[in-house]
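What follows is a single structure, written as structure tokens, with notes after it.
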Amino acid sequence: MLYLENDFINLLERQLYNKARDMEVALYNSLVTKEFKSMAADALLMYYHDDGGFGEALYIDNYNPNSNAYTTYYALKLIYEYDLANFPIIKKVLKKVFNYLFKKAYKNNYFFFKAEPSNTYPCSNDFKYDKSYTLCPTLGIIGYALLLGDDLAKKDALNLLNLIKNRINDSLIKTGEDILNLSILIKGLKENKLDFSNYETLLVKYLEPLYFKTNDCLMIEVDTYYNLDQEVKDVLLDEMINCKNKLGFWDYDKPWNNEYPEGDVALLKWVGATSLKYFYYLKKNLRIK
């Protein structure tokens, strides 16, 4: 079993303060010192719009400034995983967030899209609208509504799930994010004492080959919502430590590969964001001495 020495934190801080956005710096400080959690909540709301959605390139690979479903899903992910939901400033907006998602956000055939029509701004190819959809971010949004929403949000989430449940199958699982979204849904249903057996059956099919590498998410992220076997977790965490670059950090190797020069800037921003993500899961799993 591998561990990172505590001195690593000093190197990580230097990396974050030099290359990360204020958002990632605030989230990092919230992990190191709990008193800074309110700062992370404030930083997140810099990307919030009055219509209830999030935009302003909160997600690095999508420069769309408008509210959109995927960026709002990503904001909910940060709120849940960094334990920000109980701050009054976040509580105040969550109702509007779910109202935006279920009443205003773009959907097609009852699915939210990662790449939607308003994505006419610089973005990675993943966010160029092509009328295709997968399980992400729809199942994640439903799951977070069940985990973070009020009774109305939960009702809207379950109504949407009922409309799409017959189409949730292997054909819509394309990336690691789809597997993660499935696990978020299961967590939400389980927390509300609702049946999740069919979705668990689908998820378990993908836990055996869980070691595949993806830049869409880290497979250890699934464990936040669906408990992985400790043996699997140990392998994933050891791989995380082993894949540091020669400077002791982590690379993000998913370039935009399109005409937008902003893609080069995005890769630099990902250096800080990726290092923060690895730190989060290594710290959470007690792999830093």
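By convention here, the first residue in the shown sequence is residue 1.
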Intermediate values then yes/no, side-chain contact (heavy atoms from CB on, under 4.5 Å), F54 and S67: CA-CA 5 Å; F54 284 80; S67 294; over 6 Å; no
Should K104 and D51 be marked as a salt bridge (Lys or Arg N to Asp or Glu O under 4.0 Å) after you check the CA-CA gap, both sets of side-chain angles, and the distance that decides it? CA-CA 9 Å; K104 304 176 186 177; D51 65 2; over 6 Å; no
Under the side-chain contact (heavy atoms from CB on, under 4.5 Å) rule, what do K269 and R21 come out as? Steps first, then yes or no, please. CA-CA 7 Å; K269 292 178 180 178; R21 303 178 299 175; 4.1 Å; yes
Under the side-chain contact (heavy atoms from CB on, under 4.5 Å) rule, what do Y226 and V204 come out as? Steps first, then yes or no, please. CA-CA 10 Å; Y226 187 88; V204 168; 3.8 Å; yes
Please determine whether side-chain contact (heavy atoms from CB on, under 4.5 Å) holds for the pair F279 and L282, giving the CA-CA distance in whole Å, both sets of side-chain angles, and the decisive distance to 0.1 Å. CA-CA 5 Å; F279 173 74; L282 290 169; 5.9 Å; no
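Inter-residue side-chain proximity for L139 and I164 is flagged as met; some heavy-atom pair is nearer than 4.5 Å. Contact of the L161 side chain with the I168 side chain is registered, since non-hydrogen atoms from C-beta on lie closer than 4.5 Å. Side-chain contact between L45 and I89 is present, with heavy atoms from C-beta onward closer than 4.5 Å. Taking the side chain as every heavy atom from C-beta outward, F87 and L84 approach each other to under 4.5 Å.
In summary, of the residues considered (D61, N125, D126), a side-chain hydrogen bond (donor to acceptor under 3.5 Å, both in side chains) with K254 occurs for D126 alone. Partner of Y70 under the ring pair (Phe, Tyr, Trp, His ring centres under 6.0 Å) criterion, out of F113, Y106, F127: F127 alone.
In this structure, Y63 is not a member of the same hydrophobic cluster as Y47, with clusters built from ILVMFWY side-chain heavy atoms closer than 4.5 Å. When the side chains of ILVMFWY residues are joined at heavy-atom separations under 4.5 Å, either directly or via intervening members, L152 and L101 end up in two distinct hydrophobic clusters. Residues F36 and V32 do not share a hydrophobic cluster, defined by chaining ILVMFWY side chains whose heavy atoms lie under 4.5 Å apart.
Across all their heavy atoms, I60 and A273 have their closest contact at CD1-CB, 3.7 Å. Pairing each heavy atom of G149 with each of A153, the nearest pair is CA-CB, 3.8 Å. In plain terms, the two heavy atoms of Y278 and L218 that are nearest each other are OH-CD2, 3.5 Å. The two residues L16 and V25 make their nearest non-hydrogen contact at O-CG2, 3.8 Å. Counting all heavy atoms, side chain and backbone alike, M39 lies closest to A26 at O-CB, 4.2 Å. Considering all non-hydrogen atoms of both residues, A41 and I90 come closest at CB-CG1, 3.8 Å.
Within 6.0 Å of atom CG in D22, 12 or fewer heavy atoms from other residues, nucleotides or ligands are found, so the atom counts as exposed in its surroundings. For OH of Y110, the number of neighbouring non-hydrogen atoms (other residues, nucleotides, ligands) closer than 6.0 Å is 12 at most. In N169, the CG atom is crowded: over 12 heavy atoms of neighbouring residues, nucleotides or ligands sit closer than 6.0 Å.
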Which donor-acceptor pairs under 3.5 Å do side chains of residues 179-190 form with protein atoms, sequence neighbours excluded?
unit_1 : atom_1 : unit_2 : atom_2 : d
N181   : OD1    : G140   : N      : 2.7
N181   : ND2    : Y73    : OH     : 3.0
N181   : ND2    : E177   : O      : 3.0
S183   : OG     : L180   : O      : 2.6

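Remark: side-chain polar atoms of D238 are paired, donor with acceptor, to backbone N or O of L2 under 3.5 angstrom. Formation of a donor-acceptor pair under 3.5 Å by the Y280 side chain with backbone atoms of E81 is found in this model. Side chain of N119 to backbone of A115: no donor-acceptor contact under 3.5 angstrom is found. Of the possible donor and acceptor atoms, none in the side chain of H49 sits under 3.5 Å from a partner among the backbone N and O of E56. A donor-acceptor contact shorter than 3.5 Å links the side chain of N68 to the backbone of T71. At distances below 3.5 Å, at least one donor-acceptor pair connects side-chain atoms of D223 with backbone N or O atoms of L228. In this structure, the side chain of N162 does not engage the main chain of L158 through any donor-acceptor pair within 3.5 Å.
With sequence neighbours left out, the side chain to side chain contact (heavy atoms under 4.5 Å, CB included) criterion links A157 to F102, I142, A145, L146. Under the ring pair (Phe, Tyr, Trp, His ring centres under 6.0 Å) criterion, F196 pairs with no residue at all, not counting sequence neighbours. Applying the side chain to side chain contact (heavy atoms under 4.5 Å, CB included) rule to E259 yields the partners K128; only residues at least two apart in sequence or on another chain are considered. In terms of the side-chain hydrogen bond (donor to acceptor under 3.5 Å, both in side chains) criterion, N257 has no residue partners (sequence neighbours excluded). Take T33 and apply the side-chain hydrogen bond (donor to acceptor under 3.5 Å, both in side chains) test, not counting sequence neighbours, and it matches no residue. When the side-chain hydrogen bond (donor to acceptor under 3.5 Å, both in side chains) test is applied to W250, no partner is found at least two apart in sequence or on another chain. Applying the salt bridge (charged side-chain N to carboxylate O under 4.0 Å, His left out) rule to K131 yields no partners; only residues at least two apart in sequence or on another chain are considered. In terms of the side chain to side chain contact (heavy atoms under 4.5 Å, CB included) criterion, residue partners of Y3 (sequence neighbours excluded) are, by chain and number, M1, R287, K289. E200 is linked by a salt bridge (charged side-chain N to carboxylate O under 4.0 Å, His left out) to nothing, counting only residues two or more places apart in sequence or in another chain.
A distance below 6.0 Å separates the ring centres of Y133 and F111. Ring centers of Y74 and Y59: under 6.0 Å apart, within the cut-off.
Expressed to the nearest 0.5 Å, how far CD of E35 lies from OG of S30 amounts to 11.0 Å. For the atom pair CZ of F8 and CG of L11, the computed distance is 7.5 Å after rounding to the nearest 0.5 Å. Interatomic distance, L163 CG to K107 NZ, rounded to the nearest 0.5 Å: 10.0 Å. Here the CG-NZ distance, from L4 to K283, works out to 13.0 Å after rounding to the nearest 0.5 Å. Taking NZ from K114 and CG from L135, the interatomic distance works out to 12.5 Å, rounded to the nearest 0.5 Å. For the atom pair CG (L160) and CD1 (I141), the distance works out to 8.5 Å, reported to the nearest 0.5 Å.
Sorted by first and then second residue, the side chain to side chain donor-acceptor pair (under 3.5 Å) pairs involving residues 82-97 (not counting sequence neighbours) form an empty list. For residues 136-153, every residue pair satisfying the side chain to side chain donor-acceptor pair (under 3.5 Å) rule, not counting sequence neighbours, is listed here: Y144-Y225.
A salt bridge links K77 with E221: the closest approach of a Lys/Arg side-chain nitrogen to an acidic carboxylate oxygen falls below 4.0 angstrom.
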